[in-house]
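The structure appears right after this line, and notes come after that.
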Amino acid sequence: MSVDIGITGLVKSGKTTIFNALTRGKADIESSAPNIGIANVPEPRLKMLADMLHPKRVVPAEVRYIDIGASAKGLVEDKDISGQLLSQLSNVDALISVVRAFTDESIPHVEGSLDVERDIATTDLELAFSDLALLERRLERIKVSLKGAKQPERQGLLREQEMLINIKADLEKDVPIRQQKLTTDEARTIANYQFLTAKPLLIVVNIGEEQLSQAVSLETELNSHYSRPKCRITTICGKLEAELTQLDDEAAAGFRADFGMGESGLDRAIKLSYELLGLISFLTIASGEVKAWSIQSDTNALKAAGKIHSDMERGFIRAEVISHDDLVKCGSLSEARKKGLLRLEGKNYIVQDGDVITFLFNV
Ligand SMILES: Nc1nc2c(ncn2[C@@H]2O[C@H](COP(=O)(O)OP(=O)(O)O)[C@@H](O)[C@H]2O)c(=O)[nH]1
Ligand SMILES: [Mg+2]
């Protein structure tokens, strides 16, 4: 199961441009068709292992990006396109909302003027708009069901009704669900609805080339306003980053250095979405392949094995674990084994970021 991230935002904010940059894609920016693409999760530890072990294949973890090609509000209002696209958007693990900050006279802004803060608020409102529509439909249905309901079903429906009314009231006060205080039980119930404002959100401010030198200070300022639970903000120069993906890595790195761009905005965006989702990586070395895998932090060894193959979970015996740093110090797994640095862990072991794991299992 890959991690899916949906891209939303106002018309011509640069959604498809950023999608192309993130996925090294060549999707047509003139078309509003949805685009789906894959990006590799940057993982320097994977490269260090590869340099040390010279495996046949190096396989990074992946994130899937979905550029819906419409704003959340557009989806709710336009019934012709809404159903399928909205459900695609509802199924993602996190959202990126693209907000325009670049200036370009030849590309009129949908709202008539450039205003990053207003657009962030508008995008939030659009996501809330979609959730409110869903809440109303569900509340309507509960009302109907209540007419014929007997205990204990009635009890459950009433509880859900009360919860949804509270969520709706907060949402109407502009508090997205991701910021609302819910009990574990409530959070579990609403997870089924896939509300858009409940999803972790990365706001990507799409800056122009001429703003690159201010990117860091802009980001610091934005962060002080917008760092909230399950919400982060970053800047990307979409157009330039999309162009850079067409160069080879070395040329792109040279270009970045010349422009003082530092770390790739794309790498940062992927890392931030990872952080938002509470994901960590573990690594495996097997059959000539070095691979990185994404899991939720606090995952035990049994579930981590299941991420690779359900047989591994079913037949789990134990895991041989070493931290990436220790392995690099030893130079090879066999050397680490000699030094007694490979730990044997059982199924309840909580996998740590950067663990290199060999699973032993029965088939
Ligand atoms: N100058 C400039 N133009 C951009 C930038 N990002 C996107 N654009 C242009 O803005 C227009 C809309 O971008 P697009 O990605 O299609 O937006 P979408 O409607 O949100 O998918 C296109 O003509 C892009 O080339 C940028 O950072 N700088
Ligand atoms: Mg587009």
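Please read these numbers as outputs of a predicted model, since none were measured by experiment. Note that the numbering runs from 1 along the sequence shown for the chain. Remember, it's 1-based here, ligands and their atoms both numbered in the order they're listed.
Without hydrogens or angle criteria, Thr245 side chain to Ala21 main chain gives no donor-acceptor distance under 3.5 Å. Between the side chain of Glu219 and the backbone N or O of Thr235 there is at least one donor-acceptor pair closer than 3.5 Å. A donor-acceptor contact shorter than 3.5 Å links the side chain of Glu186 to the backbone of Thr183.
Considering backbone and side-chain atoms together, Ile207 places an N or O closer than 3.5 Å to an N or O of ligand 1. Checking only distances, Lys15 does come within under 3.5 Å of ligand 1, N or O to N or O. The shortest N/O to N/O separation between Thr17 and ligand 1 falls below 3.5 Å. The shortest N/O to N/O separation between Gly14 and ligand 1 falls below 3.5 Å.
A salt bridge is absent between Glu140 and Arg137: the closest approach of a Lys/Arg side-chain nitrogen to an acidic carboxylate oxygen does not fall below 4.0 angstrom.
When non-hydrogen atoms are compared, ligand 1 lies under 4.0 Å from the backbone of Ile29 as well as from its side chain. Residue Leu10 touches ligand 1 through its backbone alone, judged by heavy-atom distances below 4.0 Å.
Between the side chains of Gln211 and Thr103, no donor-acceptor pair is found at a separation under 3.5 Å. Defined by atom type and a distance below 3.5 Å, a donor-acceptor pair is missing between the side-chain atoms of Thr189 and Arg159. Residues Lys199 and Gln194 bring a donor and an acceptor atom of their side chains to less than 3.5 Å of each other.
Among all protein heavy atoms, the one lying closest to atom 19 (O) of ligand 1 is Lys12 N, 2.9 Å. Of the protein's non-hydrogen atoms, Phe102 CD1, 3.4 Å is the one closest to atom 2 (C) of ligand 1.
Nearest residue to atom 23 (O) of ligand 1 from Ile68, Asn206, Ile107 is Ile107 (criterion: closest heavy atom).
Chaining together hydrophobic side chains whose heavy atoms lie under 4.5 Å apart places Tyr349 alongside Ile280, Phe282, Trp293, Ile295, Leu302, Ile308, Met312, Phe316, Val321, Val351, Ile357, Phe359, Phe361, Val363.
Ile285 is not listed as a side-chain neighbour of Pro55, based on a closest heavy-atom distance of 4.5 Å or more.
Atoms of ligand 1 lying under 4.0 Å from at least one heavy atom of Asp104, given by number and element, are 1 (N).
Under the 6.0 Å distance and 45° angle rule, Arg100 counts as a cation-pi partner of Phe102.
Of the listed residues (Ile203, Leu272, Leu22), just one forms a side-chain contact (heavy atoms from CB on, under 4.5 Å) with Ile96, and that residue is Leu22.
For the ligand labelled ligand 1, residue Ser13 lies inside the 4.0 Å heavy-atom shell.
Of all protein N/O/S atoms, those lying under 2.8 Å from the Mg ion (ligand 2) come to 1.
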